[in-house]
Colleague: 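Handing you this structure, nothing more for now.
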Amino acid sequence: MKVNISDSEMIVMRAIWTLEQASVDQIACQIAASNDWSVATIKTLLGRLVKKEMLATTKSGRKFIYTPTLSECQAVGLMGQELLDKVCAKKHVDVLVKLIDDAKLTAENLQLISKALAAKTPACHVACDCLEKFSECACNHNHITEDMRIKESV
Ligand SMILES: [Zn+2]
Ligand SMILES: [Zn+2]
């Protein structure tokens, strides 16, 4: 599944995550405080999120109740995965170092990251996957000679 959602859709998702499940009125109420969106706008966003399978609907009387199909934590996990998918495997390390650099982290958080790092099994070789992913390589290296070297070493 892909979490390809806009900033506005994210605001709606956040409201529903807070409410756990909600009708249009409840969502409008929750969002109204910070955004002056019409109910029609919110309905459009809800429709898109249902189409993207981020929300499921059940009928309660004449009202639709919206329930998230995944938790905020799961959604953010998938977004992180998608971010890595947009970058060559060789550059994942740069993305991660930059994210750690930019994030606000407590000593406790850092400990958790250290633990995760210690538990991670290192890969012996990370190959450029630009060609498979984007059909064009931006890594400044020669694929033909490198692929040959990898084949020889196997
Ligand atoms: Zn690459
Ligand atoms: Zn490459």
Side-chain angles (χ1 to χ4, degrees), residues 1-22 24 27 30-31 33-37 40-58 64 66-154:
M1 142 164 222
K2 278 206 139 199
V3 182
N4 179 17
I5 65 174
S6 68
D7 289 350
S8 323
E9 288 163 359
M10 193 63 182
I11 290 170
V12 174
M13 283 309 293
R14 203 162 275 144
I16 303 174
W17 278 320
T18 311
L19 298 163
E20 289 177 14
Q21 55 167 40
V24 175
I27 296 160
Q30 177 83 13
I31 294 173
S34 40
N35 297 277
D36 53 353
W37 294 347
T41 304
I42 292 171
K43 278 186 179 164
T44 305
L45 293 169
L46 286 168
R48 280 191 211 149
L49 288 164
V50 170
K51 221 174 178 181
K52 290 181 180 177
E53 293 176 351
M54 292 287 293
L55 292 175
T57 51
T58 46
F64 276 113
Y66 294 87
T67 325
T69 57
L70 69 179
S71 69
E72 181 172 13
C73 189
Q74 287 170 320
V76 171
L78 284 172
M79 286 186 226
Q81 185 74 54
E82 278 162 34
L83 174 66
L84 290 181
D85 286 346
K86 283 181 190 148
V87 183
C88 174
K90 281 192 113 135
K91 290 174 184 159
H92 283 183
V93 58
D94 303 329
V95 175
L96 293 170
V97 169
K98 177 85 174 87
L99 282 177
I100 290 175
D101 199 34
D102 289 346
K104 283 203 174 94
L105 299 163
T106 64
E108 223 172 286
N109 298 154
L110 289 174
Q111 230 168 19
L112 201 69
I113 293 171
S114 300
K115 253 194 210 161
L117 284 177
K120 179 90 180 155
T121 314
C124 41
H125 178 78
V126 180
C128 165
D129 57 359
C130 283
L131 292 180
E132 291 120 79
K133 277 179 175 167
F134 325 109
S135 73
E136 220 172 294
C137 175
C139 283
N140 265 329
H141 60 147
N142 189 326
H143 267 273
I144 298 159
T145 52
E146 255 179 58
D147 289 351
M148 266 166 42
R149 209 166 37 215
I150 292 163
K151 264 183 210 139
E152 275 163 19
S153 67
V154 168

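Remember, it's 1-based here, ligands and their atoms both numbered in the order they're listed.
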Colleague: Which pairs count as salt bridge (charged side-chain N to carboxylate O under 4.0 Å, His left out) when at least one residue sits in residues 116-133, sequence neighbours excluded?
Modeller: D129-K133
Colleague: At distances under 2.8 Å, what protein N, O or S atoms surround the Zn ion (ligand 2)?
Modeller: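 Checking every protein N, O and S atom gives C128 SG, C137 SG, H141 NE2, H143 NE2.
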Colleague: Can you tell me if CD on Q74 sees more than 12 non-hydrogen neighbours from other groups inside 6.0 Å?
Modeller: yes
Colleague: Any donor and acceptor pair, going by atom type alone, linking the side chain of K52 with main-chain N or O of N4 inside 3.5 Å?
Modeller: yes
Colleague: Name all pairs fulfilling the side chain to side chain donor-acceptor pair (under 3.5 Å) condition that reach into residues 10-22, sequence neighbours left out, sorted by first residue then second.
Modeller: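 Residue pairs passing side chain to side chain donor-acceptor pair (under 3.5 Å), neighbours aside: none found.
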Colleague: Donor-acceptor pair, T69 side chain versus M54 backbone, under 3.5 Å?
Modeller: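 Yes.
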Colleague: Could you note down all residue pairs passing side chain to side chain donor-acceptor pair (under 3.5 Å) where residues 82-101 supplies at least one of them, sequence neighbours left out?
Modeller: K98-D102
